[in-house]
Amino acid sequence: MAQREKFTVVGRQTDCYLHEGDGTRPIHEANVRIRHIPERVEFPDEIARWRRAIEDEERRREAAGEPHRWNNPRFAVERLVVTRTHTKEEPVVTLTLRDADYYDFLTTSINLDRKQANGLTLRQQYLESRDPIDAPPYMFCSFGVNVAVETGIDKKMLFSHRSSKVVGPNASRWNSSANEGMAANHDLPADGRISLHAVARRALREELAVQASDEVDLELLGFGLDLRNNQWAAFFRAVLTELGEDELRSRWSRGIEDKWEHDEFAFVPADPESVLGFVQDQPAETWAPCAPTLFYLALVRAAVRARNEDPDARLDVEASERRVIRRRDTAELDV
């Protein structure tokens, strides 16, 4: 089995595997190639029965007027391949998707530790006994686009706390500023050209009320795999060049499309020590697995751009991280 190392930040090991990207350079939109295979993902018979049970229960709840989870078309990840261009060796990503839906996602995501007839859980069979990246597509019935937002006016990083009303393992956790699972009804246009950048802009609009006319400096920084929940994620950095905390909070008071998805926002100065200090101050278990990775990449990208694209600027972020860790260690000794 290939060992997928877990991303470490402020001395903590996360459950996120960083598959591509280090924050020093963006992945250009033209170098992201998305292939859509219009064929539905298929479960083995036993797991298909789990799915039918989920669908039956949600239909019962809906008919009874109870809170229920509605289904919508999603994508299953067939494979994610990363190569390089011939001359500049820039990253090129090919993402191959199949059709799936939200109940497909729930079938595996909430049953990773459920035993099958063979005595093995899905986690044991597909994620621990072999390379998780090689798991079959039905184990990846969701692809998340995660955005770290910085305000341009007052230069703050935005952290969003997911509401307890959100279904899934990241409810009631600190997460990316905005995130969306790719959905065919939103993200598969008539011409078939799926764009991760367009999904990121949708996340900003639906969760933060950042509109299409708002100026956004948007860059794709990498891809990761949530090893705890077995979900692929794309990592974006977005600078809202003409918006600050006051403007956003005023706009939110007048309504957000998906306002119910978050119950708290925190604006933190976007310098590395402040951001990493905030990450450290929240208990490790209150973070979604890949969120700290996303914010770290965003800090590195900001540092590199501030030094005229010098990749060595990532070391500035590392130095800030060491100072944050030392302060914590000193504080613990003083207790």
Side-chain angles (χ1 to χ4, degrees), residues 39-77 97-117 120-123 125-127 135-146 160-176 178-188 199 202-203 205-209 226 228-233 252 255-264 285-291:
E39 297 176 4
R40 184 172 174 77
V41 69
E42 294 185 4
F43 289 114
D45 290 343
E46 181 179 6
I47 302 176
R49 289 195 294 272
W50 298 357
R51 188 203 177 282
R52 287 194 294 272
I54 289 173
E55 184 170 14
D56 290 344
E57 174 61 15
E58 296 307 322
R59 285 180 174 175
R60 184 200 66 77
R61 288 176 175 271
E62 182 179 10
E66 300 174 359
H68 63 280
R69 295 171 286 197
W70 60 91
N71 203 6
N72 68 336
R74 293 205 171 197
F75 299 102
V77 179
L97 304 171
R98 288 184 176 271
D99 291 333
D101 61 31
Y102 187 58
Y103 291 165
D104 293 335
F105 163 66
L106 290 179
T107 298
T108 53
S109 70
I110 66 177
N111 287 312
L112 286 174
D113 297 306
R114 178 177 177 177
K115 279 193 176 183
Q116 304 169 85
L120 297 175
T121 65
L122 295 179
R123 189 183 304 278
Q125 181 169 348
Y126 296 113
L127 311 182
Y138 59 77
M139 290 294 294
F140 299 112
C141 289
S142 178
F143 186 93
V145 172
N146 296 263
S160 298
H161 191 266
R162 300 289 281 176
S163 166
S164 61
K165 297 178 181 179
V166 175
V167 176
N170 292 329
S172 300
R173 295 180 186 273
W174 287 104
N175 206 341
S176 51
N179 67 83
E180 283 292 341
M182 289 178 64
N185 55 327
H186 294 295
D187 306 315
L188 182 59
V199 181
R202 179 168 72 86
R205 185 191 76 247
E206 292 185 2
E207 298 193 355
L208 300 178
D226 174 348
R228 184 192 310 163
N229 303 306
N230 204 48
Q231 296 179 35
W232 280 106
W252 297 342
I256 310 173
E257 289 184 44
D258 291 340
K259 192 169 186 174
W260 58 275
E261 292 196 13
H262 300 110
D263 57 19
E264 185 179 355
E285 63 273 14
T286 65
W287 285 101
C290 285

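Only heavy atoms go into these numbers, but all of them, side chains included; no hydrogens, no water, no symmetry mates.
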Contact between [X] and [Y] at the side-chain level, heavy atoms closer than 4.5 Å - yes or no?
| X | Y | value |
| --- | --- | --- |
| Trp252 | Leu208 | yes |
| Leu97 | Met182 | yes |
| Leu106 | Arg69 | yes |
| Val199 | Phe143 | no |
| Lys259 | Glu207 | no |
| Asn230 | Leu127 | yes |
| Arg49 | Arg52 | yes |

All side chain to side chain contact (heavy atoms under 4.5 Å, CB included) counterparts of [X], not counting sequence neighbours:
| X | value |
| --- | --- |
| Arg173 | Asn170, Arg228 |
| Glu39 | Ile37, Arg98 |
| Ser142 | Arg74, Phe105, Gln231 |

For [X], what residues pass the side-chain hydrogen bond (donor to acceptor under 3.5 Å, both in side chains) criterion, not counting sequence neighbours?
| X | value |
| --- | --- |
| Tyr126 | Tyr138 |
| Asn71 | Asp101 |
| Arg60 | Glu57, Glu66 |

Would you find a donor on one side and an acceptor on the other, under 3.5 Å apart, between the side chain of [X] and the backbone of [Y]?
| X | Y | result |
| --- | --- | --- |
| Trp232 | Gly144 | no |
| Asp104 | Ala100 | no |
| Asp226 | Asn229 | yes |
| Glu180 | Val145 | no |
| Glu46 | Ala117 | yes |

Separation of [Y] [atom2] from [X] [atom1] (nearest 0.5 Å):
| X | Y | atom1 | atom2 | result |
| --- | --- | --- | --- | --- |
| Trp260 | Ser164 | CH2 | OG | 10.5 Å |
| Arg59 | Tyr103 | CZ | OH | 7.5 Å |
| Tyr102 | Thr107 | OH | OG1 | 11.0 Å |
| Ser163 | His262 | OG | NE2 | 9.0 Å |
| Asn111 | Arg51 | CG | CZ | 12.5 Å |
| Leu122 | Gln116 | CG | CD | 4.5 Å |

Considering residues, nucleotides and ligands other than Asp56, do more than 12 of their heavy atoms fall under 6.0 Å from its CG?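 Enclosed.
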Would you sort out whether Phe140 and Val41 count as a side chain to side chain contact (heavy atoms under 4.5 Å, CB included), showing the intermediate values? CA-CA 10 Å; Phe140 299 112; Val41 69; over 6 Å; no
Compute both the distance and the angle, then confirm whether Arg162 meets the cation-pi test with Trp174: under 6.0 Å from the six-membered ring centre, within 45 degrees of the axis.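 The answer is no, since Arg162 fails at least one limit relative to Trp174.
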Side-chain ion pair, Arg123 and Asp113, N-O less than 4.0 Å: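 A salt bridge is present here (some side-chain N lies under 4.0 Å from a carboxylate O).
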Ser176-Asn146 side chain donor-acceptor pair, cut-off 3.5 Å: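 Yes, Asn146 and Ser176 have a side-chain donor paired with an acceptor closer than 3.5 Å.
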Please name the pair of heavy atoms, one in Ile256 and one in Ala209, separated by the smallest distance, quoted to 0.1 Å.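 So the minimum-distance heavy-atom pair works out to CG2-N, 4.0 Å.
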Looking only at heavy atoms, what is the nearest atom pair of Gly181 and Asp187, with distance?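 Heavy atoms only, the tightest pair is O-OD2, 4.2 Å.
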